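Just so we're on the same page: letters track the sequence lines, and every chain starts at 1. Keep in mind it's a predicted model, so treat the numbers as computed, not measured.
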Number of protein chains: 2
Amino acid sequence: MATLSKRTATASPDTPEAVAPDSRQMILETAARLFRRDGYAATTLRAIAADCDMKAGSIYYHFASKDVIVAEVLDIGVRRVFDAVKQAVDALPPGTGLADTLRCAIETHLRALLLAHDFTSANIRILGQVPLPVREAHRALRRRYERYWVTLLEGLRQRGEIRAGSDLNRTVFFLFGAMNWATEWYDERKSPLAVVASELADLVAHGLHSHDNTTGQPKPTGLT
Amino acid sequence: MATLSKRTATASPDTPEAVAPDSRQMILETAARLFRRDGYAATTLRAIAADCDMKAGSIYYHFASKDVIVAEVLDIGVRRVFDAVKQAVDALPPGTGLADTLRCAIETHLRALLLAHDFTSANIRILGQVPLPVREAHRALRRRYERYWVTLLEGLRQRGEIRAGSDLNRTVFFLFGAMNWATEWYDERKSPLAVVASELADLVAHGLHSHDNTTGQPKPTGLT
DNA sequence: GTCTATATGCCGATAGAC
DNA sequence: GTCTATCGGCATATAGAC
């Protein structure tokens, strides 16, 4: 990750990560954190600069405008969660079933969204607040991530894991909504993220309905 | 639209609805429409006033501040969808099952959210943008609406319609996310709202998984 | 690369005439 | 109840010194 440009010459290679974030990168990270906390319009360039120990005018050496900053923050947010989910799903054993695949992808998405990166949650938070041109420029990347999920589900359907009769495009929209809305209510202290992910995966895989057969029962401990 | 004020004295009682929106009401409706379209911070009192054929200063005769306006818009948004869903669910025949109950409630919520009222979609759109005190003042009403859905599901569980092992509080959060996110992608021209509602209800009731038994099959037309 | 200083403009809100 | 006029403040963005 990160650009880490410049340092070409001396290139002191100590502490290879979290090292000497150049100003450009620090501005982006600060912007993501403040956008996430305060929203787009309420975050001023003065505030971003202050948190970088700079003055507002200096930002314009690195970025042409506030819109350019927010555009890059949006893109990074999607790219990071996209990469994380792709990597996690690729690492699953071949033939992994619907419920486990969903659980893995959902937990990874939620982890990036709720715990890991300011960029990802800032993205969800401010997506509806940015100027329309910025939003439209960002749409292609976002659409690519959505299509990745659709393709994932299509693969599971071809293996007979998903019933016919549901529009998988819409299913992904529903799923994204359920996941992204968690920014509004999830409380890390109340329940582990793995539990939340697992429950959403169960809901999407099996539904709420009590089954008549014993196949889908989550508790095979014969009680009743 | 336009002024229409003055009718104080004569009070002609014709056209009992859509009649003579007093300025206060017109300001609220205009604000809801602009908040929905442009977001909270980007909507200025000058723009609201202009769409009401007024000047910005005149708004302060009816409202003490912008925050007071947005607070009322938020509350109206939840109250309308709440009333609509409660009324629709109450009208269901006693003993209506899980899938049909969900379909009814979901479709009514989505209809209010996506088609009927600027207030409802403005609520979802700007909820994350308003100043914290406004948001906290609004939280109680919103929480009441969420608890209504939880109670609805608890009733269905007691009747044996819902499997054990899922936290219904979280289920409602998931469901709200799936529904409210539709403001970001739903296109009236592409698919009827009833289809979207039906598909979400099916997803939540039965899940994606292909069943081994024939009970839950949506297509009993024996083909394969 | 960062600074100071400032141009330019719009915002929410208020005062007082009508 | 609506107007005009304006206050005080803060925003983005720019110009030029260091």
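- Contacts between residues 61-73 of chain B and DNA chain D, defined by a heavy-atom separation under 4.0 Å, are made by B/Tyr61, B/His62.
- Annotation: salt bridge (Lys or Arg N to Asp or Glu O under 4.0 Å) contacts involving residues 115-133 of chain B, sequence neighbours excluded, comprise B/Arg36-B/Asp118.
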Find every protein N or O atom lying less than 3.5 Å from an N or O atom of nucleotides 4-6 of chain C, and list the pairs.
none

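- Remark: A/Ser23 is not in phosphate contact with C/dG1, judged by side-chain N or O atoms under 4.0 Å from OP1 or OP2.
- Under the 6.0 Å cut-off for aromatic ring centres, B/Phe174 and A/Trp181 do not qualify, their centroids lying 6.0 Å or more apart.
- One can place CD of B/Gln25 at 17 Å from C1' of D/dG1, the figure rounded to the nearest angstrom.
- Contacts of A/Arg79 classified as salt bridge (Lys or Arg N to Asp or Glu O under 4.0 Å), with partners at least two apart in sequence or in another chain: none.
- Applying the salt bridge (Lys or Arg N to Asp or Glu O under 4.0 Å) definition to pairs two or more places apart or across chains, those involving residues 181-190 of chain A are A/Glu184-B/Arg135, A/Asp187-A/Arg189.
- Contact check of residues 33-42 of chain A against DNA chain C (heavy atom, cut-off under 4.0 Å) returns no residues at all.
- The salt bridge (Lys or Arg N to Asp or Glu O under 4.0 Å) analysis of residues 60-73 of chain B, with sequence neighbours excluded, yields the pairs B/Arg24-B/Glu72.
- Scanning for salt bridge (Lys or Arg N to Asp or Glu O under 4.0 Å) contacts around A/Arg33 gives A/Asp51, with sequence neighbours left out.
- When rounded to the nearest whole Å, the span between OH of B/Tyr60 and P of C/dG16 equals 17 Å.
- Regarding B/Ile27, its CD1 atom lies at a distance of 14 Å from the P atom of C/dA13, rounded to whole Å.
- If you check the side chains of B/Arg142 and B/Asn123, you find a donor sitting under 3.5 Å from an acceptor.
- A/Ile59 places its CD1 atom 13 Å from the P atom of D/dT14, with the value rounded to the nearest Å.
- Residues satisfying the salt bridge (Lys or Arg N to Asp or Glu O under 4.0 Å) criterion with A/Arg144, sequence neighbours excluded, are absent altogether.
- Residues satisfying the salt bridge (Lys or Arg N to Asp or Glu O under 4.0 Å) test with A/Arg103, not counting sequence neighbours, are A/Asp100, A/Asp202.
- As rounded to whole Å, 8 Å separates atom C1' of D/dG1 from atom CE of B/Met54.
- For the ring pair (Phe, Tyr, Trp, His ring centres under 6.0 Å) condition, no pair includes a residue of residues 116-144 of chain A, sequence neighbours left out.
- Judged as a ring pair (Phe, Tyr, Trp, His ring centres under 6.0 Å), the pairs with a partner in residues 41-93 of chain B (not counting sequence neighbours) are, in order, B/Phe82-B/Tyr145, B/Phe82-B/Tyr148.
- One can place CG of B/Asp22 at 15 Å from C1' of D/dT2, the figure rounded to the nearest angstrom.
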